[in-house]
Amino acid sequence: MTFRKHNEGGWGQTLVSGAIGLIYFAPVFWMVLTAFKTRQDALAIPPKLFFTPTLENFRAVFFDTTSSGELVATDAWLYFVNSAFIAGASVLLALILGTLAAYAFSRYPLRGNDTYLFIILTTRMLPPIVVIIPIFLLFRLTGLSGTYIGIILLYTSFNLPFSIWMMKSFFDDLDREVEDSARMDGSSDWAVFRRIVLPQVAAGLAATMVFALILTWNEFIFALLLTGTESRTVPVALASTVGGSVGVEWGKLSAMITLFLIPVVIVTFVLQNQLLRGVTFGTIRR
Amino acid sequence: MTSDMHLPPAFTTQRSARGILQWLNAPERRGPLLVAPAILTLFLVNILPLLWSFGLSFFNYRANRQAAPRFDGLDNYGDLLTDDRVWERFVTTGMIVAGSVGLQLIIGFGLALLFAKKFPLRRILLMLVLTPMMLSFVSVGIFFKLFYDPSLGLLSWIVGQFTGEPFAILATPAGAISAIVIADAWMWSPFVMLLVLAGLVSVPDYLYEAAHVDRASGWRRFRTITLPYVKGLILLALLFRTIETFKTFDLVYLITAGGPGSATETVAVYAYRLGFQNFRTSEASALAYLILFVVIVLTSLYLYLVNRRDAEAAS
Amino acid sequence: MKKYLLACTAMFIGSTAMAEEIVIRMAAPDWGPTRFMQEHANETYSAPSGNDVTLEIDFIPWPNFFDRVNASLNSGEQRYQMIVSDSQWLGNFIEAGHFLRLNDYIEESDELQAIMADLHPALVAGYSTYPHVPADEIEALGGYSPEMNYYGFPQFPDNYFTYYRNDLFCDEGENAAFQETYGAELPCAPEAWETVTWDDWRNFGEFFTRAAGETLAGVELTEDFYGIAYQAGKPLDFSTMQINAFFWQWGGGIWDESNEPNAEVIGVVNSPENIAAFETYLSLLDYAPPIAQTGQMGIFEIQDLYMQGRIAAIIDWAALAGPVVDPSSSTVADVTSFGLMPGNILNGDLDRSANLGGQPFVLTTWNDEETIQEALDLVIWWLSEDTQIAAVQAGGQSGMMSVLNNPDYDSWAPWNAQFRQSLPWQRDLWHIPEMFEMLTQQQEEFDRAITGQISAEEALNAIAEFQDELLRDAGRLE
């Protein structure tokens, strides 16, 4: 067992990781494959790996056929735009607020620092179903129900605990001597934070962003209850493919899952360099 | 004007924007200032509703009745704690949490070790492993229910190739619990992997080189160099996965609906039934706080154990 | 420019003189029958009052429809003017003060009275009355009567019957083989199902259950083939819907809410008739697909297996029949016929009692008089003969006897004859607020019996005990 990161694994390692990765990926692969299948093919046993692909399911996502046979555009575009906007805004907000708070918790400990941190953590502990009614009431009282601001604020608060804890653990691991010497050279606190601290925790920021994005992107129950027809997101539309006159519209569901997966995959792929970079070389903790 | 004396000079002497900024910018206020926006958001959107349902848990209130709430003291808590059904649900949840979080740590760690090295196509292969956690619970629940179907599912078909019999994993309580655990662990192991990986890649090279010179054994290198670097992140993963798995709702609701019988009914599902189906609104709130209590005890235990080991290591 | 100004003022004056815009917002599950209602309203509805009335349906995913409606009502947000409701939810939301009692409005309107009189009594019983009045009493009262409390109207009425493979049941070779073993013919034509009993159903199940490698209608099977299936699932109300039919057909029953507080639970719910009925129900699962052992055999699972050509006959809702005869979703679209559900011979007659499905829609309590009148006009429009015929032709169903008795009605969908003939047999589950608690507990005990953890008798005893205590606590039982 060696854990040296500059040790090139070579193609042998690719083979092993590839085999394991493919097995791990198989269920997702099956979902994506189903997006191109007719209903009969989707449920066929023995399972069909080779079949005549159809784009009908993707058409069904964006266009409905009325009883008179007309094609009308569905609200799918709106849902995708909503999802992107709501997730984007709340992830950004959580990242900013969370990073600032985490930095403060790490560098300027308050009295009862750990208690605050723990209370922040406890807000993630209750099953959402129990707090739905009070949140619903609160949203109604404040007029936030059905608005973008309301759901964005809510998702921000869901993402804050993880952002704070995650970023704090990265800040804690940094070598403070570098910061102190920069300060002695006359840099302001803000400059130290921006030029010296932030670049060192790029991996943490990237990881936090990916996790927050995933959580927000897929959130269902609050989206169901607190969004109106205009601010509805894709996960709610996903559930609409279930329980009508067929149990699950397998093709349409898979097509939506596939389309919905693409943006997160792209963002994660782009952030991968940061994710895998780790804490900047040369810094030793403690 | 005695009251002025308690106000900071910025407000009393010169009320200029600059003064306020200066006052805010003082080093001793930096911590509270940076923390405030986050705490405020959490308080408004999250803690306030939590307190509301905490208050409700001491009343007798049903959301489907017009009668006003009646103060009931600790009755709801008493009823729940003496109810066998509640204990049974906690045990079920405990089994799912232990099984799933345990599996996630093992698989996540294994995958992280696999991807810590550089090798060709690593970036693409890593994406393959990361995708499960990018799916929504609804998608995973619906598809795993299909995978587990004894006549139309992949699992039964694969097992059938060897046994010649259809395989109904959901037919027994043990099978159904493992089915939930498998789906959840599959979905969230990538989360653990990513956190561990972030720790692994930040281990400075020269430490390994030094260890190489020292001819330290693989296990020793792992324990003395690797583990300290990933420990904090493993703890974080453990904390968040425990908290999240304790709330397991959608997967259970979609895959087994709590069956067979009540074998897979988690506390979150039970709280939902109490609150949303049986309209025992305040009892459901009380159960929520019992859940909160258990999770707090559990997470404090993690933190305590880790801190104690830290202290040991430091001494 | 002058012209433009003129047009503007004309429009302005016109719109103020034309009176108000009223939006009737209705919460509804997202599926065919409600999508049709929206589409058809957009195309054809204009309010007789002259107001500019639009029906705006908030389409909510079926699996979470209850959660959304429930959260909305409990929070008091007063968002909806009308709501599609499952019939069993009526009592709960009526007693919570959310659904509007309609007697005064019906009393004032001849059109609404005519509608209530024209609706099938089984549907008035299930969808409209609270406290519940059984169908036979409604008939005795002559259809419409101000003595009952009215709340809802049918949005989509539903009942279940048999879907079967006519290529198998009419196959000569299979018929010969069946005749040899059981000394009877397989019911090939839909009419032949009128005499089918559960004993026959058991025989079909045993006969058509084949392993991979055996032949079916002259073709060698590559996968296992199953005989029969009906709902036996823990989610929602799946098993209860089918098991209630067995109780009633065996002469047993459920706690009778229309006879509160004198109706008994102990000795009724766990009566010898109910135990015998439930045992029969469980024994027939032996010929069902293996998913029956998991307690997850819901209405959709059997529909999927049937559409994939893996089962000879199933019992399922009219709502689910459309996709089965649609070649784009079903492999057996052109070989499917429909028959009545089997029955049990009780006191010399074939009893086909069954549990009503479908959904009514209701008005909410927080609207002003004008909005209520507009909503009622929408109800009248929806339940007018033209609209109902259009709905049935688009794959929906109607509960109006004038539509059901239309000589062409049976031809509008292949299963319409079965729907019509099954209607008189429909009875409904409880409607009281405690029904969710009773249902959840019952589904759990049924599930234990279905998955073989306990016997039929143990399950029914546990259910009876629970309901007895719950109903006594609620003051519904003395």
Side-chain angles (χ1 to χ4, degrees), chain A residues 1 3-11 13-14 17-18 21 24-25 28 31 43 45 47 97-98 100-101 103-104 108 110 120 122-127 129-131 134-135 138 153-154 156-157 160 162 165 169 203 207 214 218 220 235 238-239 248 257 261 264-265 268-269 272 276 278-279, chain B residues 30-32 34-35 37-38 41-42 45-50 52-53 114 116-121 123 125 127-134 136 138-139 142-143 152 154 157 194 198 200-202 204-205 208 218 222 226 232-233 236 240 243 247 249 268 271-272 275 284-285 288 292 295-296:
Chain A
M1 284 212 288
F3 304 103
R4 296 170 53 188
K5 63 175 171 259
H6 281 305
N7 189 357
E8 286 281 345
W11 283 96
Q13 178 95 12
T14 306
S17 310
Y24 208 81
F25 181 68
V28 184
M31 294 179 201
L43 294 177
I45 286 291
L97 297 186
L100 291 179
Y103 189 64
Y108 310 99
L110 307 165
I120 289 173
T122 56
T123 62
R124 288 296 301 156
M125 291 178 186
L126 277 187
I129 206 83
V130 196
V131 285
I135 289 184
L138 183 85
L153 267 182
L154 191 70
T156 305
S157 79
L160 272 176
F162 182 76
W165 275 70
S169 89
I214 287 170
N218 291 311
F220 173 69
L238 271 180
V248 180
I257 292 176
L261 200 56
V264 202
V265 169
T268 313
F269 193 75
Q272 231 187 30
L276 296 184
V279 180
Chain B
R30 189 127 324 140
L34 291 176
V35 170
T41 314
L42 278 174
V45 196
N46 236 314
I47 298 177
L48 215 58
L50 290 186
W52 191 87
S53 53
L114 200 61
K117 288 184 205 167
K118 283 189 176 159
F119 53 85
L121 298 179
R123 287 165 56 111
L125 291 177
M127 286 312 294
L128 293 185
V129 180
L130 286 179
T131 41
M133 73 166 168
M134 298 176 187
S136 67
V138 179
S139 327
I142 290 170
F143 263 93
L152 299 176
L154 289 176
W157 181 76
L194 210 47
L200 284 181
V201 293
S202 67
D205 270 346
Y208 284 132
F222 177 74
T226 314
L233 289 163
L236 202 67
F240 274 85
I243 291 172
K247 297 191 289 187
F249 175 82
Y272 166 78
S285 302
L292 189 67
V295 180
I296 285 178

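Note that the structure is a prediction, hence the values are computed from the model and not measured. To find a chain, count down the sequence lines: A is the first, B the second, and so on, and within it residues start at 1.
The closest side-chain heavy-atom distance from A:Y24 to B:P132 is below 4.5 Å. A:S17 has its side chain within reach of B:F119: a pair of non-hydrogen atoms, C-beta onward, lies under 4.5 Å apart. When side chains are defined from C-beta on, A:L100 does not count as touching B:P37, because their heavy atoms never get closer than 4.5 Å. Considering only heavy atoms from C-beta on, A:I135 stays 4.5 Å or farther from B:W52 through its side chain. The closest side-chain heavy-atom distance from B:V138 to A:P235 is not below 4.5 Å. Contact annotation: the side chain of A:F220 never approaches that of B:S136 to less than 4.5 Å [non-hydrogen atoms, C-beta and beyond].
Within the 4.5 angstrom heavy-atom criterion, only side-chain atoms of B:F240, from C-beta onward, approach chain A. Proximity to chain B (any heavy atom under 4.5 Å) is shown, for A:L43, by both the backbone and the side chain. For chain A, the nearby parts of B:I296 are the backbone and the side chain; heavy atoms of each come within less than 4.5 Å. Interface remark: A:L238 contributes side-chain atoms only to the contact with chain B (heavy atom separation under 4.5 Å). Residue B:V295 touches chain A through both its backbone and its side chain, counting heavy-atom pairs closer than 4.5 Å. Heavy atoms of A:L97 lying under 4.5 Å from chain B belong to its backbone as well as its side chain. For A:V264, the parts lying near chain B are the backbone and the side chain together; criterion is any non-hydrogen pair under 4.5 Å. Looking at A:L261, the atoms closer than 4.5 Å to chain B (heavy atoms on both sides) all sit in the side chain, from C-beta outward. Both the backbone and the side chain of A:T123 come within contact range of chain B, judged by heavy atoms closer than 4.5 Å. Only the side chain of A:L160 comes within contact range of chain B, with at least one heavy atom under 4.5 Å from a heavy atom of that chain.
A:Q272 contributes a side-chain N or O that, together with a main-chain N or O of B:R123, makes up a donor-acceptor pair within less than 3.5 Å.
A distance of 5.0 Å separates CZ in A:F25 from OG1 in B:T131, rounded to the nearest 0.5 Å. Within the model, atoms OH of A:Y108 and CG of B:L34 stand 7.0 Å from one another, a figure rounded to the nearest 0.5 Å. Rounding to the nearest 0.5 Å places CG of B:L292 at 6.5 Å from CE of A:M125.
In terms of heavy-atom proximity, A:V265 sits nearest to B:M134 at CG2-SD, 3.8 Å. A pairwise comparison of heavy atoms in B:S53 and A:P134 identifies CB-CG, 4.2 Å as the closest pair. Contact detail for B:V129 and A:G21: the closest heavy-atom pair is CG2-CA, 3.9 Å.
Top candidate by heavy-atom pairs under 4.5 Å with chain B, chosen from A:V131, A:L126, A:I214, is A:L126. Of the listed residues (B:L130, B:I47, B:L154), the one with the most heavy-atom contacts under 4.5 Å to chain A is B:L154. With respect to chain B, the highest number of heavy-atom pairs below 4.5 Å among A:S169, A:A104, A:P47 belongs to A:P47. When B:L121, B:I142, B:T41 are compared by the number of non-hydrogen pairs under 4.5 Å with chain A, B:I142 comes out ahead. Between chain B and the residues A:L110, A:T156, A:V248, the most heavy-atom pairs under 4.5 angstrom are made by A:L110. Looking only at heavy-atom pairs under 4.5 Å with chain A, the residue among B:L152, B:L42, B:L48, B:L233 that has the most is B:L42.
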